[in-house]
Amino acid sequence: MNVPLLDVNAQNHPIAEELRAAFDGVLETGRFIMGAEVEQFEAELAEFLGVKHAIGVSSGTDAILLALMALGIGQGDEVICPSFTFFATAGCIARTGATPVFCDCHPDTFNIDFASAEQCLSDKTKAIIPVHLFGQSVDMDACAAFAEKHELKVIEDTAQSLGAKFGDRSCGAMSEFGTYSFFPSKNLGGLGDGGLLVTQDDELADIAIKMRNHGMHPRYYHQMVGGNFRLDALQAALLRVKFSHYADYTRQRQENAAYYKEQLKDLEGVILPVEQDGYEHIWNQFTLRVEHGQRDALKEHLTENGIGCEIYYPVPMHQQQCFAHLESLQRTSLKVTDELASNVLSIPVYPELNRDQQDAVIAALKSFNA
Ligand SMILES: *Cc1c(COP(=O)(O)O)cnc(C)c1O
């Protein structure tokens with residue numbers, strides 16, 4: 001049996017009629033930039049996340065860039081982020097003219113290690129970007145203590161964790177800014193690019209809303225330089241349809257993860273992902289750690305058996321060519337990150353994965369080296 005790593009058609013095709021109706025509604029209005037669909041989507045997400053301001057934007061990447069710009073981060077500043085993340089986290093820091101400084105992460109949760117972040121500080125450090133990786137929250141008590149002690153701004157990169165919880169608070173809602181992505185492979189996957197920026201702060205929201213549209217206010221007057229970071233009306237309308245099913249998608253991911261944990265608990269040579277007490281994990285990825293240098297062999301074995309799998313992430317940020325010139329790469333050990341890059345492997349956990357498919361994944365894992 002072939003089991004893909006992700007199957008967007010299995011999610012979108014059953015709701016094709018709803019999606020077409022949403023498209024028709026926007027076509028009818030003739031209003032394609034911002035407008036009512038964007039505003040309603042923002043209101044729904046603000047309520048879901050428990051935040052005062054939710055600002056629809058063009059992508060998860062642009063949400064991070066806009067957050068940094070709204071905080072006035074730029075040339076001469078340093079921003080700390082984990083090395084074990086998707087490129088956008090670090091790329092946006094560099095694009096503002098600031099310098100990314102990479103810290104290590106915890107081997108069991110894959111999330112940022114604040115002891116390592118401490119070693120990355122300098123008198124230029126202005127902000128930190130914790131990443132809620134693979135669907136599970138960072139320890140946000142540790143983050144708040146760290147940020148307060150060193151007077152840093154915090155942007156939560158929540159691209160993979162929309163609706164994941166730290167205690168009773170939503171990821172992305174606990175800092176100056178939270179950023180989200182609706183790239184099709186994210187838990188709330190759009191039919192194209194899209195993103196969201198949230199904040200509880202009225203003043204920051206005001207700046208970000210202006211910067212989303214070239215810093216323009218009123219029309220053709222610019223007190224600040226922004227960009228075109230707008231969310232399309234069509235994308236917002238389609239995302240509203242997807243969002244109406246979001247609780248089901250999340251529950252199904254959680255059921256799939258629980259089934260793997262039960263069925264794979266005695267599997268040798270593989271460490272299962274760790275769920276922390278009091279955190280609600282939403283499983284954007286189900287990521288194994290493969291022991292004894294067997295990761296690439298296991299990946300090949302699964303692929304031969306028709307099981308989709310992928311390495312997130314094979315090349316950490318401190319190993320990227322575009323950052324090789326940075327003097328700031330040497331401040332802390334990145335040993336855990338390097339280990340993870342060589343031993344992680346993500347397997348299918350998407351909501352529509354059925355039991356037969358999951359059993360095929362489990363059988364393929366169990367037949368490795370058996
Ligand atoms: C996907 C992702 C982004 C970027 O989101 P886009 O919508 O693709 O621009 C940023 N950070 C992380 C951790 C991501 O996984």
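Starting from 1, each residue takes its place in the sequence as its number. One-based numbering, in listed order, for ligands and for the atoms of each. What you see is a predicted model, and the numbers here were worked out from it, not measured in a lab.
Among the atoms of G60, some N or O lies under 3.5 angstrom from an N or O of ligand 1. Checked by distance only, ligand 1 and Q160 come closer than 3.5 Å through their nitrogen or oxygen atoms. Note: no N/O pair closer than 3.5 Å links T85 and ligand 1 by distance alone. Taking distance alone, with nitrogen or oxygen atoms compared against 3.5 Å, D62 stays at or beyond that limit from ligand 1.
Within the model, atoms CG of D193 and CD of Q235 stand 8.0 Å from one another, a figure rounded to the nearest 0.5 Å. Between the CZ atom of F146 and the CZ atom of F114 there is a distance of 7.0 Å, given to the nearest 0.5 Å.
Distance from atom 1 (C) of ligand 1 to its nearest protein heavy atom, with residue and atom name: K186 NZ, 1.4 Å. The nearest heavy-atom contact from the protein to atom 11 (N) of ligand 1 is D157 OD2, 2.8 Å. For atom 4 (C) of ligand 1, the closest heavy atom belonging to the protein is T61 OG1, 3.5 Å.
Per-residue contacts place V131 under 4.0 angstrom from the following atoms of ligand 1 (heavy atoms of the residue considered): 13 (C). Distances below 4.0 Å separate heavy atoms of A159 from the following atoms of ligand 1: 2 (C), 3 (C), 10 (C), 11 (N), 12 (C), 14 (C), 15 (O).
Of the N and O atoms on the side chains of T99 and E78, not one donor lies less than 3.5 Å from an acceptor on the other residue. With hydrogens and angles left out, the side-chain atoms of D338 and Q319 include a donor and acceptor closer than 3.5 Å. For the residue pair E310/Q285, the side-chain donor-acceptor check at 3.5 Å is not satisfied.
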message = Let's go through H217 and I209 carefully: what are the C-alpha distance in whole Å and the side-chain angles of both, what is the deciding distance for side chain to side chain contact (heavy atoms under 4.5 Å, CB included) to 0.1 Å, and is it a yes or a no?
response = CA-CA 10 Å; H217 186 80; I209 288 166; over 6 Å; no
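Using a 4.5 Å cut-off on side-chain heavy atoms (C-beta onward), I128 and I112 make contact.
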